[in-house]
Amino acid sequence: MRILITAGPTYEYIDRIRYLSNGSSGKMGYALAGIAQQKGDKVILVSGPTSLTPPRGVKFIRVVSAHQMYRVVRRHYPGVDAVIMAAAVSDFTPSRYFTGKIKRAGREITLKLAPTVDILKELGRRKGKHCLIGFALEVSNGRKNALKKLYHKNLDYVVLNSPTAMGNDNSTVEIYNKNGLVRRMENTSKKQISRFIIDLLTRKRRSICCVQNVIRR
Ligand code: CTP
């Protein structure tokens, strides 16, 4: 299987020095890439800025902003079977980039933000035969919001997690598909969670291929 996995945060630069971002470490996406690669999948890892070393054998593409991530993902989408969006993509970017450095003025300044493209939603619109997995980072009404994302972004699975996952080696997740809860994993290592997700994806992919073969016959 050919899988594209995104990981880490994005940086949205305000000026040459400062940026908007979040606390994503990239550990979940890198763990997924490592496990998929070990299982023999062809992996493209598209990563925002992190301090992690990419797993050996994956095609590694580093990006900075949400827009760059979108361009890279869109370019590789036709050549892959599945996409796992584990990246914590920024939803906003400064409306204006200040060349140089904004100097201290001693008074309040206003930062205008524009929405970034929802990469996963765009992929869902052109789903075709792709398998799509998204992550939902929620602070309240987790199940409801995760299911909303599953439907609105046209996903096969959504992985609900919480801010405590950020930067940690472990996470508590609930994985949903359109039939409901598939699995809850409490305080489990991101490697183990990755094994489960990659197995799920492999089985899903196999069932799609079986159906296609039956149709062709
Ligand atoms: N995502 C994306 N593009 C964005 C924002 C998010 O592709 N601009 C993807 C994430 O990688 C994740 C899923 O969408 O797989 C859900 O991301 P999340 O941050 O939980 O939710 P949002 O869709 O951004 O909505 P909100 O922040 O309002 O909860």
Looking only at heavy atoms, what is the nearest atom pair of Leu160 and Arg143, with distance?
CD2-N, 3.8 Å
Ser25 vs Met166 side-chain heavy atoms within contact, under 4.5 Å
no
Looking at Arg62, I want to see if its CZ is surrounded by more than 12 non-hydrogen atoms of other residues, nucleotides or ligands under 6.0 Å.
yes
Please enumerate all residues that pass side chain to side chain donor-acceptor pair (under 3.5 Å) together with Thr202, with sequence neighbours excluded.
none
Please say yes or no: joined through hydrophobic side-chain contacts below 4.5 Å, possibly via intermediate residues, are Leu32 and Leu4 part of one cluster?
no
Which residue pairs satisfy the salt bridge (charged side-chain N to carboxylate O under 4.0 Å, His left out) criterion with at least one member in residues 149-163, sequence neighbours excluded?
Asp118-Lys153, Lys127-Asp156, Glu138-Lys149, Asp156-Lys204
Roughly how far, to the nearest 0.5 Å, is CZ of Phe60 from CD1 of Ile44?
13.0 Å
Considering only residues two or more places apart or on different chains, which pairs with a residue in residues 163-179 satisfy salt bridge (charged side-chain N to carboxylate O under 4.0 Å, His left out)?
Lys27-Asp169, Glu174-Arg184
Side-chain heavy-atom pair Arg195, Ile193 within 4.5 angstrom cut-off:
no
Residue pairs involving residues 47-56 (criterion salt bridge (charged side-chain N to carboxylate O under 4.0 Å, His left out); sequence neighbours excluded)
none
Sort and list the pairs that fulfil ring-ring contact (aromatic ring centres under 6.0 Å, His included) and have at least one residue in residues 99-150, not counting sequence neighbours.
Tyr77-His130
Could you tell me which residues satisfy side-chain contact (heavy atoms from CB on, under 4.5 Å) with His152, sequence neighbours excluded, listed by chain and number?
Lys148
When clusters are formed by joining ILVMFWY residues with side-chain heavy atoms under 4.5 Å apart, either directly or through shared neighbours, do Leu132 and Val89 land in the same one?
yes
Indicate the atoms forming the closest heavy-atom contact of Gly29 with Ile5, along with that distance.
O-CG2, 3.6 Å
In this structure, would Val80 and Leu45 fall into the same cluster of hydrophobic residues linked by side-chain contacts under 4.5 Å?
no
Could you go step by step and tell me if Arg107 and Ile109 meet the side chain to side chain contact (heavy atoms under 4.5 Å, CB included) rule?
CA-CA 6 Å; Arg107 59 183 158 78; Ile109 61 164; 4.3 Å; yes
To the nearest 0.5 angstrom, please state how far the CG atom of Asp15 sits from the CD1 atom of Ile102.
4.5 Å
Heavy atoms only: give me the nearest Pro163-Val139 pair and the separation to one decimal.
CG-CG1, 3.5 Å
When you look at Ser47 and Tyr30, which way does the side chain to side chain donor-acceptor pair (under 3.5 Å) test go after all the steps?
CA-CA 9 Å; Ser47 174; Tyr30 280 59; 2.8 Å; yes
CG-CE distance between Leu123 and Met85, expressed to the nearest 0.5 angstrom:
7.0 Å
Counting neighbours of NZ on Lys39 that are heavy atoms of other residues, nucleotides or ligands and sit closer than 6.0 Å, is the number greater than 12?
yes
Compare every heavy atom of Met1 with every heavy atom of Ala82, then report the nearest pair and how far apart it is.
CB-SD, 4.4 Å
My understanding is that only residues two or more places apart in sequence, or in another chain, count here; which of them pass side chain to side chain donor-acceptor pair (under 3.5 Å) with Gln192?
none
Could I get the full list of side chain to side chain donor-acceptor pair (under 3.5 Å) partners for Thr6, not counting sequence neighbours?
none
Should Ile198 and Ile3 count as side-chain neighbours, where that means a heavy-atom distance under 4.5 Å?
yes
Could you tell me which residues satisfy side-chain contact (heavy atoms from CB on, under 4.5 Å) with Tyr13, sequence neighbours excluded, listed by chain and number?
Tyr11, Tyr19, Val64, Tyr97
According to side-chain contact (heavy atoms from CB on, under 4.5 Å), who are the partners of Asn187, at least two apart in sequence or on a separate chain?
Asn170, Thr172
Are Ile35 and Val159 joined in one hydrophobic group, where the rule is that I, L, V, M, F, W and Y side chains link up if heavy atoms are under 4.5 Å apart?
yes
Given Tyr70, which of Val117, Thr10, Val46 fulfils the side-chain contact (heavy atoms from CB on, under 4.5 Å) condition?
Val117
Do you know which two heavy atoms are closest between Asn179 and Asn177, and how far apart they sit?
N-OD1, 2.9 Å
Verify the neighbour count for atom CZ of Arg16: are there more than 12 heavy atoms of other residues, nucleotides or ligands below 6.0 Å?
no
How many angstroms lie between CD in Glu12 and CG in Asn22, if you round to the nearest 0.5 Å?
9.5 Å
When rounded to the nearest 0.5 angstrom, what distance separates CZ in Phe196 from CZ in Arg183?
4.5 Å
Hey, is the main chain of Glu122 close enough, under 3.5 Å, to the side chain of Arg126 for a donor-acceptor pair?
yes
Closer than 3.5 angstrom, by distance alone: can the side chain of Thr116 be matched with the main-chain N or O of Thr93 as a donor-acceptor pair?
no
Any link between Ile84 and Val73 through a network of hydrophobic side chains (Ile, Leu, Val, Met, Phe, Trp, Tyr) touching at under 4.5 Å?
no
Minimum heavy-atom separation for Asn161 and Ala165, please, with both atom names.
ND2-CB, 4.1 Å
First locate atom CZ of Arg18, then atom CG of Leu111, and finally report the distance between them rounded to the nearest 0.5 Å.
10.5 Å
Tell me which pairs pass salt bridge (charged side-chain N to carboxylate O under 4.0 Å, His left out) where either residue lies in residues 76-95, with sequence neighbours left out.
Arg2-Asp81, Asp81-Arg205
Examine distances only and state if a side-chain atom of Asp41 and a backbone atom of Val43 form a donor-acceptor pair shorter than 3.5 Å.
no
Applying side chain to side chain donor-acceptor pair (under 3.5 Å), name anything that partners Asn154, two or more places apart in sequence or on another chain.
none
Evaluate the criterion side chain to side chain contact (heavy atoms under 4.5 Å, CB included) for residue pair Val173 and Thr188; output intermediate values, then yes/no.
CA-CA 8 Å; Val173 300; Thr188 306; over 6 Å; no
Does Thr50 use its side chain to pair, donor to acceptor, with the backbone of Gly26 at less than 3.5 Å?
no
Any donor-acceptor pair under 3.5 Å from Asn168 side chain to Ser171 backbone
no
